[in-house]
Number of protein chains: 2
Amino acid sequence: MRDLKAERILERLRESGGRVTSARRLIVEAMLAGGDHHLTAADIVEIVRRDDPVFHESTVYRTLERLTELGIVRPVQLVPGATVFHLVENAHRHNHLVCDDCGTIIEARVDLLDVLASDVARNHRFTLQTEAAPLHGRCEACQHADAASNRAADPAP
Amino acid sequence: MRDLKAERILERLRESGGRVTSARRLIVEAMLAGGDHHLTAADIVEIVRRDDPVFHESTVYRTLERLTELGIVRPVQLVPGATVFHLVENAHRHNHLVCDDCGTIIEARVDLLDVLASDVARNHRFTLQTEAAPLHGRCEACQHADAASNRAADPAP
DNA sequence: ATAATTGCAAAGTCTTTGCAGTTTG
DNA sequence: CAAACTGCAAAGACTTTGCAATTAT
C-alpha cells in the first residue's frame with residue numbers, strides 16, 4: 001500500500017525525465033511514513049539516515065525542490081526559520097492554525113476557507129492556496145495565559 | 001505630525017523601562033516613513049545608515065525584538081527568508097495576499113477575514129490574528145501565465 | 001554512453017549572542 | 001551611578017552551489 005504510493009510518485013518523477021535513486025525513494029517513503037506531519041528538511045535527513053548513514057542534506061534540498069516543481073510536494077512556511085514540506089498526494093486537505101505565542105500547530109478543516117477564497121477571487125482576482133495554508137493567531141491556552149497575567153499585573157475591577 | 005508619532009512610540013518604550021537612543025529613534029522614524037511598506041531588518045539598516053553610517057545590524061534585531069514584545073511592532077513572515085516588520089500603530093488594517101509564484105504582494109481589506117475569524121474562533125477556540133496575516137496563492141498574472149504555458153505545452157482543444 | 005544525481009565542502013543569507021565600552025535616566 | 005544599550009566580531013540555523021565521482025536509463 002505504502003510502497004505503491006511511493007512507486008506511483010517516483011514514476012511521475014521518472015516520466016518527467018528524472019531518475020529514481022535510492023535516496024529519492026527513501027525521501028518519498030519518509031514523507032509518506034510521516035503522514036500529515038510537517039517535516040522539515042532536517043527531519044527528513046534524520047529519517048533517511050537511519051537507512052543510509054551517508055545521506056547528505058544537499059540531496060534533500062535538491063530533491064524537495066524537484067518534487068515541488070512537479071507539484072508533488074508543497075513547501076509551507078509555518079514558523080520563521082523552518083520550512084515544512086507536505087506531500088500533496090498524501091495530505092488530507094487541511095489548514096494550519098499556528099499559535100504565534102507558543103508555536104502550537106492545530107490542523108483545521110480546509111473548507112473553513114471556502115467563503116474567504118471566493119471573496120478573494122472575486123475582489124482581488126487572486127486564487128487562494130487554501131490547502132496547507134498557515135493562519136496565525138493565538139491558541140486557547142495562550143489567550144488564557146495572557147488574561148491571567150493581565151489580571152495579575154493589573155488587579156483592578 | 002510624524003515626529004509626534006515617533007515620540008509617542010518612543011515614550012512607550014521609555015515607560016517600559018527602555019532607553020530612548022538615537023538609534024532607536026532612527027529605527028522608529030524609518031518605519032514611520034516606510035508607511036505600510038513591509039520593511040525587512042536589512043531595509044531598516046539601509047535607511048538608518050543614511051543618517052548613522054556605523055549603525056549595526058544587531059541593533060536592529062535587538063530593537064525590533066523589544067518593540068515586538070511591547071506590541072508596537074509585528075513581525076510577519078511573508079516569504080521564506082525575509083521577515084518583515086509592521087508598525088502596528090501606523091498600519092491601516094490589512095492583509096497580504098502573497099503570490100507564491102512571482103512574490104507579488106497585494107494588500108487586501110482585512111474584513112475579508114471576519115467570517116473566517118469567527119468560524120475559527122467557534123470551531124477551534126483559536127483567535128485569528130487577521131491583521132497582517134499573510135495569505136498565499138497565485139495572482140492573476142501568474143494564473144494567466146500558467147494557463148498560457150499549459151496551452152503551449154499541450155496544444156490540444 | 002550520457003545525462004542526471006550525489007557527496008562533499010565551501011559559501012551565502014538571515015539572525016543571534018557574548019562582551020567590553022558607551023550612553024541614558 | 002547603575003542599568004540599558006551599542007558596536008563589533010564571532011557563531012548559529014537553514015539553505016544553496018560548484019565540482020568531481022557515481023549511477024540510472
Side-chain angles (χ1 to χ4, degrees), chain A residues 6-7 9-28 30 38-49 51-70 72-85 103, chain B residues 6-7 9-28 30 38-49 51-70 72-85 103:
Chain A
E7 290 312 316
I9 289 169
L10 292 165
E11 188 53 35
R12 287 169 65 186
L13 189 49
R14 187 179 282 126
E15 279 165 9
S16 76
R19 273 119 201 237
V20 175
T21 65
S22 56
R24 289 178 168 190
R25 178 169 281 113
L26 288 172
I27 290 171
V28 170
H38 329 97
L39 297 178
T40 64
D43 292 334
I44 296 173
V45 169
E46 193 194 318
I47 296 171
V48 172
R49 283 216 176 120
D51 287 307
D52 175 4
V54 298
F55 178 75
H56 197 280
E57 276 169 313
S58 60
T59 302
V60 169
Y61 286 109
R62 285 189 275 224
T63 298
L64 288 172
E65 186 181 26
R66 196 77 154 82
L67 294 176
T68 300
E69 285 166 11
L70 295 176
I72 292 169
V73 150
R74 175 152 37 236
V76 182
Q77 187 84 26
L78 292 185
V79 294
T83 300
V84 298
F85 296 86
Chain B
E7 291 312 316
I9 288 170
L10 292 165
E11 189 52 36
R12 287 170 66 187
L13 190 49
R14 188 168 3 235
E15 279 165 9
S16 76
R19 270 114 201 244
V20 175
T21 65
S22 56
R24 289 178 168 190
R25 179 168 281 112
L26 288 173
I27 291 171
V28 170
H38 329 97
L39 298 179
T40 63
D43 292 334
I44 296 173
V45 169
E46 193 193 319
I47 296 170
V48 172
R49 283 215 177 120
D51 287 306
D52 175 4
V54 299
F55 178 75
H56 197 280
E57 278 169 312
S58 60
T59 302
V60 169
Y61 286 109
R62 285 189 275 224
T63 298
L64 289 173
E65 185 182 25
R66 195 77 156 82
L67 295 176
T68 301
E69 286 165 13
L70 295 176
I72 292 169
V73 151
R74 175 152 38 237
V76 182
Q77 186 84 26
L78 291 185
V79 293
T83 300
V84 299
F85 296 86

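Letters A, B, ... mirror the listed sequences (proteins, then strands); counts begin at 1.
- The distance between atom CD of Glu15(A) and atom P of dT25(D), rounded to the nearest whole Å, is 12 Å.
- Nearest to the side chain of Val20(B), among dT15(C), dT25(D), dG25(C), sits dG25(C).
- Atom CZ of Arg66(B) and atom P of dT6(D) are 10 Å apart (whole Å).
- Among the nucleotides dT15(C), dG7(D), dA9(C), the one closest to any side-chain atom of Val54(B) is dG7(D).
- Spacing between atom NE2 of His56(A) and atom P of dT15(D) amounts to 14 Å, rounded to whole angstrom units.
- Of the listed nucleotides (dG7(C), dC5(D), dT25(D)), dG7(C) has the atom at the smallest distance from the side chain of Ser58(A).
- How far CG of Leu26(A) is from CG of Asp51(A): 5.0 Å, rounded to the nearest 0.5 Å.
- Close to dT15(D), at under 4.0 Å from its OP1 or OP2, lies a side-chain N or O of Tyr61(A).
- Summarising the geometry, atom CZ belonging to Phe85(B) is positioned 6.5 Å from atom CD1 belonging to Ile44(B); distances are rounded to the nearest 0.5 Å.
- Atom CG of Asp52(B) is separated from atom P of dC5(D) by 17 Å (rounded to the nearest Å).
- Residue-to-nucleotide proximity on DNA chain C shows that, of Thr83(B) and Gly18(A), the 5′-proximal contact is made by Gly18(A).
- Of the candidates dC19(C), dT6(C), dG7(C), dT6(C) carries the atom nearest the Thr21(A) side chain, counting heavy atoms from C-beta on.
- The base of dG7(C) has none of its N or O atoms less than 3.5 Å from a complementary donor or acceptor on the side chain of Arg49(A).
- Distance Gln77(B) CD to dT15(C) C1': 12 Å, rounded to the nearest Å.
- Using a cut-off of 4.0 Å between Lys/Arg side-chain N and Asp/Glu carboxylate O, Arg49(A) and Glu46(A) are scored as not salt-bridged.
- Here the options are Thr63(A), Val60(A), Ile27(A), the test is side-chain contact (heavy atoms from CB on, under 4.5 Å), and the partner is Val48(A); only Ile27(A) passes.
- Atom CZ of Phe55(A) is separated from atom P of dT6(C) by 8 Å (rounded to the nearest Å).
- For Arg14(A) and dA24(D), the shortest distance from a side-chain N or O to OP1 or OP2 is not below 4.0 Å.
- Atom-to-atom distance recorded for Ile47(A):CD1 and Asp43(A):CG is 6.0 Å, nearest 0.5 angstrom.
- Rounded to a whole Å, the CZ atom of Arg24(B) is 10 Å from the P atom of dG25(C).
- At whole-Å resolution of the value, CG in Leu78(A) and P in dC14(D) are 14 Å apart.
- Between Phe85(B) and Ser22(B), it is Phe85(B) whose nearest contact on DNA chain C lies nearer the 5' terminus.
- Within 3.5 Å, a donor on the side chain of Arg19(B) pairs with an acceptor on the base of dA3(D), or the reverse.
- Proximity note for Arg62(A) (side chain, C-beta onward) versus dG25(C), dT6(D), dG7(C): the nearest is dG7(C).
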